[in-house]
Every structure is written in structure tokens, then in C-alpha cells.
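Read through the structure below, which is laid out as C-alpha cells, and then see the notes.
Computed from heavy atoms alone, side chains included, the values below leave out hydrogens, waters and symmetry copies. In what follows, chains carry the letters A, B, and so on, assigned in the order in which the sequence lines appear, proteins first and then strands, with residues in each chain numbered from 1.
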There are 4 protein chains.
Amino acid sequence: MPRPSNTAERRAQIIEGLLNVIAEGGYEGATIASIAKSAGLGSGLVHYHFANKQAILLALVERIVGLIEARYAHRLGAAGEDPSARLRAYIDAHLALGDDAEPRAVAAWVVVGAEALRQPEVGVVYRAAVARRVATVEALAGEILRARVGHGRGAKEAAAGIVAAIEGAYQLAAAAPDAMPRGRAARVVERMALGLLDGVAA
Amino acid sequence: MPRPSNTAERRAQIIEGLLNVIAEGGYEGATIASIAKSAGLGSGLVHYHFANKQAILLALVERIVGLIEARYAHRLGAAGEDPSARLRAYIDAHLALGDDAEPRAVAAWVVVGAEALRQPEVGVVYRAAVARRVATVEALAGEILRARVGHGRGAKEAAAGIVAAIEGAYQLAAAAPDAMPRGRAARVVERMALGLLDGVAA
Amino acid sequence: MPRPSNTAERRAQIIEGLLNVIAEGGYEGATIASIAKSAGLGSGLVHYHFANKQAILLALVERIVGLIEARYAHRLGAAGEDPSARLRAYIDAHLALGDDAEPRAVAAWVVVGAEALRQPEVGVVYRAAVARRVATVEALAGEILRARVGHGRGAKEAAAGIVAAIEGAYQLAAAAPDAMPRGRAARVVERMALGLLDGVAA
Amino acid sequence: MPRPSNTAERRAQIIEGLLNVIAEGGYEGATIASIAKSAGLGSGLVHYHFANKQAILLALVERIVGLIEARYAHRLGAAGEDPSARLRAYIDAHLALGDDAEPRAVAAWVVVGAEALRQPEVGVVYRAAVARRVATVEALAGEILRARVGHGRGAKEAAAGIVAAIEGAYQLAAAAPDAMPRGRAARVVERMALGLLDGVAA
DNA sequence: CATGAATGAGAATTCATTCAT
DNA sequence: CATGAATGAATTCTCATTCAT
């Protein structure tokens, strides 16, 4: 009777290790040895579970995206059917502080965004993640616009703007936390989003 | 009769070299050898003019900041005294395409933002640059708000939001260019900015 | 089942490699590559077992000190309780030729003495080693003096003189071997030591 | 009328520069740039006056040797014809503190002794200097011994011992100054020397 | 004579990846 | 599955020496 595989658990540990080290040292500081150490594993084991270092980063991207989508799903329940409330929930899921806040994930995401410039495979998953975000926001924006002016024109570029504001808020939170008054990011981005839609609708 | 010093020129060449390689390969990809090659210089000379690799990056930050501030100064003339026009000019200077567009600088800036997480000295100059941007925008936002509602409350956090939107637009432009319809970023951010100020003023 | 650790053995090999190359080429000539080659190892492995080159040198200092102290301990048995005999045994342990002679260690020690000027950490362990030598000789000299004149005044500076003579004999042996008739160093230093104590006692 | 050559002066400046930097940083720390800076000259000029770095070191050896021989010559006058007084004057010239003390030269000499192991050409001049010292002391010791026992047997090895003690005292002064009570080195070595000759004569 | 820019050959160090056990 | 030793290529940085002016 072979021992039950613990691969899934080990992979999760390793991804968590990368998240931790990337949050403080960036991707350059994330050596296999430091990841392994942070995960409490031997360094050889990392390569047993992942073909190479990049593979861990790709898994981390998935992990972060999943984390945030879960937050959104969780908030959706309280938001009800109103598209504006849903858009606020969406922004909140990305930016609000709270018990489920993940400052490490924010820093890691900023790093992922920079690595996307460098590693084509990371670029692919990063762009896919961004595209999904834009699509989600576009759907919400489209609903809001159609309710107001009967058509959804401009929803796509509004969505891009809103996602940009979210990404920029991450960037500031991670690298220049003094720039944005603490805990206000979600509110400010919500106002920008709604103000933008007002402008588009006008 | 010594050879006339060309230090300033060489330093500029090297900074330009870093800008070029960073724009495609990120900071990790920017090896001294690649910088030197891109600048058409020997690798030893790079260290003759800069103490280390980080010093080049710091100089690059200055360079990029100066580039954009010059664009803003240039657009200010056409904007006249109206604060809203000036805010649009500000956003335009950062995001508009045109003859003076610098896609390489955009990518490099994103990389700088990630390196700011890793290298404390880079963090310092990055935060200083962001702080200046926020202060500039805050002044404009304050003027606009005062003209409308007689006070400037909320200008600071509005400014942070606007700067975040700009930074996020850079991020998307560099790493996920398909997300934002080409050439629309300035327009979208302007609308977000003005919509945000409407909201704050309300 | 992990490979059994051979760290201690590897470290010893590397220290031995440094001893070998330092004996001929000095510390400057001792490159990591040459140390690794002399030890029959890959260069990366050297840094796997030692944080940096200096750490190997510090370990080498310990190694040499231990070597000589072991020679002294070994000779102590034959010397019996007589302090003069013990002092001779001490000098012998440092300077006598014989099966346990270590010409490489002598040359390396001279190099260590010069590196002590340059690398603060090396200076620390070098001074500690010298201080222990002086203390040991001082104890012996004190016994001899007290037996003769009832007090041990002057033992400390006599000990310093004796240690200086030993260090100088190393220096000549390593760098100007023709200056001292071969195999006579121990005898000459013993005579200097005893003559010095005669003078101090007078 | 060509301008008068200042080569001799420049060479002296450069040698002085090497002496200064070697006294603090050892030979490794002595870069051409640092030597030039310490001499107040441009780095290119160093190579105009010396073929290479080693040539400066060789000149420095001469310089230090000359310095000490001058001190000896100066003290010889006061010592008169008595060989014991002359031997004391010799040791004094090498080790006594005073207005003409040269702590930098002491440190530099220790470095030279270590470089002698590494650079064959340095070894040659170092050994020549040591041989001259031994020969001088041997002559004095021979005189002393002949006056006492009618022959000079053992003078050579006694001289080597005395020179060793001097070299060792340099080593301690430079690298472990706490080992020898300050200002006592000359006295201690004189006692060792005279005690040694007593022993040889016995 | 003098300057300091320029070169290029190393040197130390890092680290992903492999592999013996 | 697991460990951590081992490898070797890549990278930053140093520095003697050369050379244009």
C-alpha cells in the first residue's frame, strides 16, 4: 500500500513559500533555496514538484487570481442584483482591507506584473488574468450603462480604466503606501468608477 | 592637455542603455554587459561612470521623471490658467500618445515600481517621485474643488486616486496592452479624474 | 534516504586547499578557483561550504593554531614538570623541524599575519592567537623567574619578546630561508629566550 | 629650454603614496588609483614614472631599507666604537620609538615580507635586505664574541636570531600591538641579543 | 609631463538545476 | 518522496595597463 500522495499539499506549501519571499524580496530575491526554506522543505523537493522556478510563479498567479475571485464571489451574495452594488463589491474585493486582506498577495501581484514584461509565459497568464478582470467589469459596466442610456457603448474602455485604477492602487499600496490615505483606496476607486460611468453615459 | 571630459555624455548613454534593455528584459535581464552593449561601450566603462548597477537605475528614475515633467511643462502653456485644463494637461503628459510618447519609459517605469519593493534606495526615489506627482495633482484638484464648493477637502485622496489610475494605466500599457483600447488611456483617466472630483464635490 | 553529510570532510579539504595555495602564492594568489582545484572540488562547492573567501581564511587560522598547539601538547609529556624544559618544548613545538614540521603552515602563517593588517576579522583572530601564545609563554617565564628571584616581574614583556622571536623566525623561514642556518632556528630562539630571562632576572 | 625634469620628485611622491596606502590597506588595497590619489597625482602619471605596480613596490623596499639604515648611521655617532653599544644602536635604529619613528614603514615592511612570498622579484630584494641586515649584525656579534672568547663562531646564527627577533617585533607592532608593552620592544630585543651572545660565548 | 577615459581580463559570488543516496 | 551536496554558467565588480588628447 503506497503512502498517499501529498503532492497537492506540497505544491501549495511551495507556492505559499514563493508568495512569502516574493512579498519581501521581489522575484530576484526569491531563490529556490529561500522558497524551500520559507516552505520548510528541502530545496531538492521543490524541483520534484515543479519543473522549474517559473512554473511556481505561474502557479502563484493562479493562486492570487483565485484568492481574489473568491473574495468577490463571497461579497456578491450581499450585493444582490444591483449592478452598481456588484461593481462596488468587485472593487471592494480587490481593494478593501479587512480580515481577508492579503498584503503579501498585493506585493506579489505587483511583482508578477513586472515579471510579465520579462517572461513570456508569465505575460500570457498575466494578460489572461487582466482580460478576465476587464471582461467581468465590462459586463457590470455594460449593465449599468444600458440601464441608464439604453446601450453599453464605452463599457469596454471604462472597464479598462477601472481595472487600471485597481492595478495602480495595488502598485501604490505596495511601493508607496504613504501616497494613499490608509484604507481609502476602495472608496476612491469606487468613486472614480462611478464618476467615469456618469461621464460615459453623458 | 587631457582629453576633454565626456562624462555627462557617457552617463547619458549608459542610462539610455539601461532604459533600452530594461524596457524589454526587465531589471533582471539588464546585465551590465547588455547595458554596455546597448550603449555601445565596454563593460568596464559602465563601472567607471557608475559605482554599481543600482546607481544607474537611480539615475534612470530621475531621467524618466524629468522626461514626463518636461512634457507637462510643455503642455501647460497651451492649457492656460483653467485648473481643469491643467489637470487634463497633466494626465495627457503622462498618458497621451504622440510624437513625444516614450513606450520604453513606460515599461521601464513599471519595472522601477517593482524594484522599489526590493531595493530600498530605489524605493526612496520612487516614493519621492510618487509623492511629487500626488502633490502636483492635489494642488490642481484643490483648486478645482475650491472653485466649485469653496473648500478643498478630499483633494489629497482624490489626487492619490488619480495618480493610481495613471500608474495602473502604465502597468496595463506595458504588460497587457490589449486591455485598454489603443490611445484611449488619457481620455479614460481624464474622465475618471473629473468624475471623481464631481463625486467628491457632491 | 539522503546522502550522508560530508560537510566536515569537505570543509577540511577546502581549508587544506587554501593552505596549499597560500603557501606558494600568498592570499592574493589564492583564488577560489585555485583553492577548489587544489582541493579537487568544483568552485561552486567552495561557496556552498563557506560563505566567502574570508571565512576559509579564518578557519585556516584556527587550523594552524590547533596544529601547533597539538605539537606543543605532544612535546609537553617528554618535558616533565621543569618550566625551562617546558619553555624549550614550547619553542620546539613552534620551530623545530621534524616529521611533524609544516613548512606550508609556516608560510601560511606569515600571510595570515599580513592579512591581519587588512581584514579586521582576520586581525581579531590573529591577535587572539598571539595573545594566547604570549599568555602561555608568560606563565612559563613567570614560573622560571619566580624560581630564581622570587617574583615574576618582567615576565609579560619577556614573553612578548619570545613570541616576537618565534614570529620573526617564521618570517625568515618563509621568506628568506637562507638567512637562518637550516634547522637552527629552535636552538637560537631557545638561547635568546633563556638569555633574556637571565637578563630580566639580573 | 625644456622644463627641468621632476621625475625624481614624482617618483618619491608615488613611493610615498604606496607607503601610505599599504600601511592601511595592505598590498591588495593598494590600487594604482589609490596610490595616485594619495600622491595627489593622476593615475596615468604613475605608469609614466613606473613600468608597473611591482616596480613601485621594489622602490618602496629600497626606500624603507634606506630609511632605517640612515637611522642606524645617525645613531652610530653616539655609540662610539664599542661593539655592544653599536649593536644596541642597531636594534634601537630598528625598533625604538622617537621622533624619527615610522609606524607606516613598519606596517609596510610586514606587507613586503608577505609579498616576498608571492612575487619573486620582491623576494629577491627582500632577501637581499635581510642578508644585509644579518651581515651587519653578524659583524657586530663577531666583534663582541672575539673580544670575549677569541673567536667568532656562532656569530652568523646569532645574527640570524637577532634579525628574526627584530622582524618579529615589527610583525607584532603592526598586527598585534597589544602583545608588546608599548615602547619596550627595543629594550627586550637588546636583552635577547645580549643574552644570546652570552649563551653562545659560554 | 599630465590627465583621466577606456579596455578587458579576471575574481568573488550566486543560483537554478541535477543527482547520489 | 526527500535531502542536501555538487555543478557550472552567469553576473557584478575590480583594476592594471593603455592611450587619446
Side-chain angles (χ1 to χ4, degrees), chain A residues 2-7 9-10 28-37 40-56, chain B residues 1-7 9-11 28-36 41-56, chain C residues 1-7 9-11 28-36 41-56, chain D residues 2-7 9-10 28-37 40-56:
Chain A
R3 81 181 105 170
S5 168
N6 55 2
T7 291
E9 185 188 348
R10 285 285 178 271
E28 277 184 69
T31 67
I32 295 289
S34 69
I35 296 167
K37 186 175 177 188
L41 303 173
S43 72
L45 196 54
V46 172
H47 273 95
Y48 180 82
H49 289 289
F50 288 92
N52 52 43
K53 197 178 154 186
Q54 189 185 68
I56 318 175
Chain B
M1 193 181 315
R3 175 190 306 193
S5 171
N6 53 1
T7 291
E9 185 187 345
R10 284 285 177 273
R11 285 179 60 98
E28 281 182 70
T31 68
I32 297 291
S34 69
I35 296 168
L41 304 172
S43 71
L45 194 55
V46 172
H47 276 102
Y48 180 80
H49 287 290
F50 288 92
N52 50 45
K53 198 177 150 185
Q54 188 186 72
I56 318 175
Chain C
M1 195 181 313
R3 179 190 303 191
S5 171
N6 53 1
T7 291
E9 186 187 346
R10 284 286 177 271
R11 284 178 62 98
E28 282 181 68
T31 67
I32 295 291
S34 69
I35 295 168
L41 303 173
S43 71
L45 193 54
V46 172
H47 276 101
Y48 180 79
H49 287 290
F50 288 94
N52 52 43
K53 199 176 150 185
Q54 188 186 70
I56 318 176
Chain D
R3 79 182 105 167
S5 167
N6 55 3
T7 290
E9 185 186 347
R10 285 285 178 271
E28 277 183 67
T31 68
I32 295 289
S34 69
I35 296 167
K37 187 175 178 188
L41 303 172
S43 71
L45 196 52
V46 172
H47 274 95
Y48 180 82
H49 288 290
F50 289 92
N52 52 42
K53 197 179 154 185
Q54 188 186 69
I56 319 175

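In this structure, the separation between CD1 on C/I56 and CD1 on C/I32 is 4.5 Å, given to the nearest 0.5 Å.
The shortest non-hydrogen separation linking A/G29 to A/S34 is O-OG, 3.6 Å. C/S43 approaches C/A36 most closely through the heavy-atom pair CA-CB, 3.7 Å.
The phosphate of F/dC1 has OP1 or OP2 within less than 4.0 Å of a side-chain N or O from A/N6. The side chain of D/T7 contributes an N or O atom lying less than 4.0 Å from OP1 or OP2 of E/dC1.
Note: CD1 (B/I56) to C1' (F/dC13) measures 11 Å, nearest angstrom. D/H49 places its NE2 atom 16 Å from the P atom of F/dT17, with the value rounded to the nearest Å. Here the P atom of nucleotide E/dA5 and the CZ atom of B/R11 are 12 Å apart, to the nearest Å. The separation between B/F50 atom CZ and F/dC13 atom P is 13 Å, rounded to whole Å. In this structure, the NZ atom of D/K37 is 14 Å from the P atom of F/dT14, given to the nearest Å.
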Protein N or O to nucleotides 8-12 of chain F N or O, pairs below 3.5 Å:
residue	atom	partner	partner atom	Å
F/dT12	OP1	B/K53	NZ	3.0
F/dT12	OP2	B/I32	N	3.0

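Here side chain to side chain donor-acceptor pair (under 3.5 Å) pairs that include residues 46-56 of chain C, with residues two or more places apart or in two chains, are C/Q54-C/Q119, C/Q54-C/E121.
Both B/Y48 and C/Q54 lie near DNA chain E, and the one whose nearest nucleotide falls closer to the 5' end is B/Y48. Where D/A51 and A/V46 each meet DNA chain F at their nearest nucleotide, the meeting point lying more 5' is that of A/V46.
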In dot-bracket, 5' to 3', how would DNA chain E read with Watson-Crick or G-U wobble pairs under 3.5 Å, [ ] for crossing ones and | for pairs to another strand? .||||||||||||||||||||

